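Just below is one structure, and these are the notes that go with it.
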Amino acid sequence: KAVVSTQSTGRDAFKSPPLSGLSHYFFRTSQQLNFKMTRVVSLVLLCMSSVVYSCLVKVETNVASATSSGWGGVASRAVDGNTNPVYRGRSCYHSATNGDNTLTVELKGSIPVSSVKVYNRADTCCDQRIDGATVWAGDHKCGTIVFDSAIPVYEIDCKGVETSAVSVHLSGDYLQVCEVEVFALEEQPSETVDE
């Protein structure tokens, strides 16, 4: 089953007759396409030459810095590409104090940030410390993390704010982050499809 929506008006999409249990959707629109798919076996998207679509891409980060670090948990661990949530895996950042702590990730240029993923430490001694941490895109507050033991990764919406740095801030407890990933919507023109 696939539910497709666009922000434009008129007949933007039509569904072809099913073929071997598959459904094919064809689009002719200049608007952003949003998909919600459940139990999809295959979805074929044919883009005409006039279509511009957006792809969510992971942004390449540059360097990370922090107001403090302790127990060997240097800031660079938060952008090392390793999402291991166990501290002994040596891939988590750890602040030196439980005061006012900020972890900052520099981007390679100014980028419209769609969302930020924060990977929490999973050790049960300390996983709850992330509660109340705030995520920022430059000077814009994207949101606040509310701890849930069932959630290992928190994805915070930054609404496309353009910035060259994102940060995670926490006051009153140790800040521990095992990875920070930054995502942006990138517009890409379609290629011409020959019929």
Side-chain angles (χ1 to χ4, degrees), residues 5 7 32 34-36 54-187:
S5 65
Q7 296 178 354
Q32 179 179 327
N34 300 306
F35 298 92
K36 180 181 179 182
S54 295
C55 297
L56 193 63
V57 295
K58 183 179 174 182
V59 175
E60 186 177 356
T61 54
N62 193 3
V63 293
S65 60
T67 50
S68 71
S69 63
W71 291 271
V74 295
S76 59
R77 287 185 174 185
V79 291
D80 63 1
N82 186 346
T83 60
N84 185 347
V86 179
Y87 196 75
R88 65 184 178 186
R90 299 181 178 181
S91 184
C92 297
Y93 161 73
H94 196 308
S95 67
T97 70
N98 59 356
D100 198 35
N101 295 293
T102 301
L103 172 69
T104 302
V105 176
E106 301 289 340
L107 308 178
K108 293 188 174 180
S110 187
I111 295 167
V113 174
S114 177
S115 62
V116 176
K117 284 186 178 180
V118 178
Y119 289 74
N120 189 25
R121 179 178 176 181
D123 303 293
T124 54
C125 67
C126 315
D127 57 349
Q128 73 284 351
R129 290 175 175 171
I130 197 73
D131 187 59
T134 53
V135 177
W136 299 76
D139 295 327
H140 171 77
K141 182 180 177 181
C142 301
T144 302
I145 293 174
V146 178
F147 172 70
D148 185 330
S149 60
I151 301 177
V153 183
Y154 297 88
E155 184 167 10
I156 308 298
D157 184 5
C158 290
K159 303 186 184 304
V161 172
E162 189 160 331
T163 183
S164 59
V166 301
S167 59
V168 183
H169 177 79
L170 181 65
S171 296
D173 211 336
Y174 291 98
L175 178 60
Q176 298 163 106
V177 175
C178 294
E179 193 72 16
V180 174
E181 293 179 343
V182 182
F183 295 86
L185 278 175
E186 183 178 276
E187 288 192 351

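All values below were derived from every heavy atom in this structure, side-chain atoms included, with hydrogens, water molecules and symmetry-related copies excluded. What you see is a predicted model, and the numbers here were worked out from it, not measured in a lab.
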* Who passes salt bridge (Lys or Arg N to Asp or Glu O under 4.0 Å) against Lys108, sequence neighbours left out? ->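 Residues passing salt bridge (Lys or Arg N to Asp or Glu O under 4.0 Å) with Lys108: Glu60.
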[X] versus [Y]: any side-chain heavy-atom pair under 4.5 Å?
{"X": "Glu179", "Y": "Asp80", "value": "yes"}
{"X": "Val180", "Y": "Val116", "value": "yes"}
{"X": "Pro85", "Y": "Tyr119", "value": "no"}
{"X": "Leu107", "Y": "Val113", "value": "yes"}
{"X": "Ser115", "Y": "Lys117", "value": "no"}
{"X": "Cys158", "Y": "Val166", "value": "no"}

Say whether, by atom type as modelled, one donor and one acceptor occur between the side chain of [X] and the main chain of [Y] under 3.5 angstrom.
{"X": "Ser91", "Y": "Asn84", "answer": "no"}
{"X": "Tyr154", "Y": "Asp148", "answer": "yes"}
{"X": "Thr67", "Y": "Thr102", "answer": "yes"}

Which heavy atom of [X] sits nearest a heavy atom of [Y], and at what distance?
{"X": "Ser69", "Y": "Ala96", "answer": "O-CB, 3.3 Å"}
{"X": "Arg77", "Y": "Cys92", "answer": "CD-O, 3.1 Å"}
{"X": "Phe183", "Y": "Val59", "answer": "C-CG2, 4.1 Å"}
{"X": "Ala64", "Y": "Ala75", "answer": "CB-O, 3.5 Å"}
{"X": "Ala184", "Y": "Pro112", "answer": "CB-O, 3.1 Å"}

To the nearest 0.5 Å, what is the distance between [atom1] ([X]) and [atom2] ([Y])?
{"X": "Asn101", "Y": "Ser171", "atom1": "CG", "atom2": "OG", "answer": "7.5 Å"}
{"X": "His169", "Y": "Lys141", "atom1": "NE2", "atom2": "NZ", "answer": "9.5 Å"}
{"X": "Ile156", "Y": "Thr144", "atom1": "CD1", "atom2": "OG1", "answer": "8.0 Å"}
{"X": "Thr104", "Y": "Trp136", "atom1": "OG1", "atom2": "CH2", "answer": "12.0 Å"}
{"X": "Thr163", "Y": "Glu106", "atom1": "OG1", "atom2": "CD", "answer": "8.5 Å"}
{"X": "Arg129", "Y": "Asn98", "atom1": "CZ", "atom2": "CG", "answer": "8.5 Å"}

* What class does the angle between the rings of Trp71 and Tyr174 fall in, given that below 30° is parallel, 30 to 60° is tilted and above 60° is perpendicular? ->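 Perpendicular, since the angle between the ring planes exceeds 60°.
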* Among Asp131, Ile130, Ile151, Val177, side chain to side chain contact (heavy atoms under 4.5 Å, CB included) partner for Asn120 ->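 When Asp131, Ile130, Ile151, Val177 are each tested with Asn120, the side chain to side chain contact (heavy atoms under 4.5 Å, CB included) holds only for Ile130.
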* To do: Please name all residues satisfying side chain to side chain contact (heavy atoms under 4.5 Å, CB included) with Asp123, sequence neighbours left out, ordered by chain then number.
  =>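 Testing Asp123 for side chain to side chain contact (heavy atoms under 4.5 Å, CB included), a comparison that skips the adjacent residues, returns Val86, Tyr87, Arg121, Cys125.
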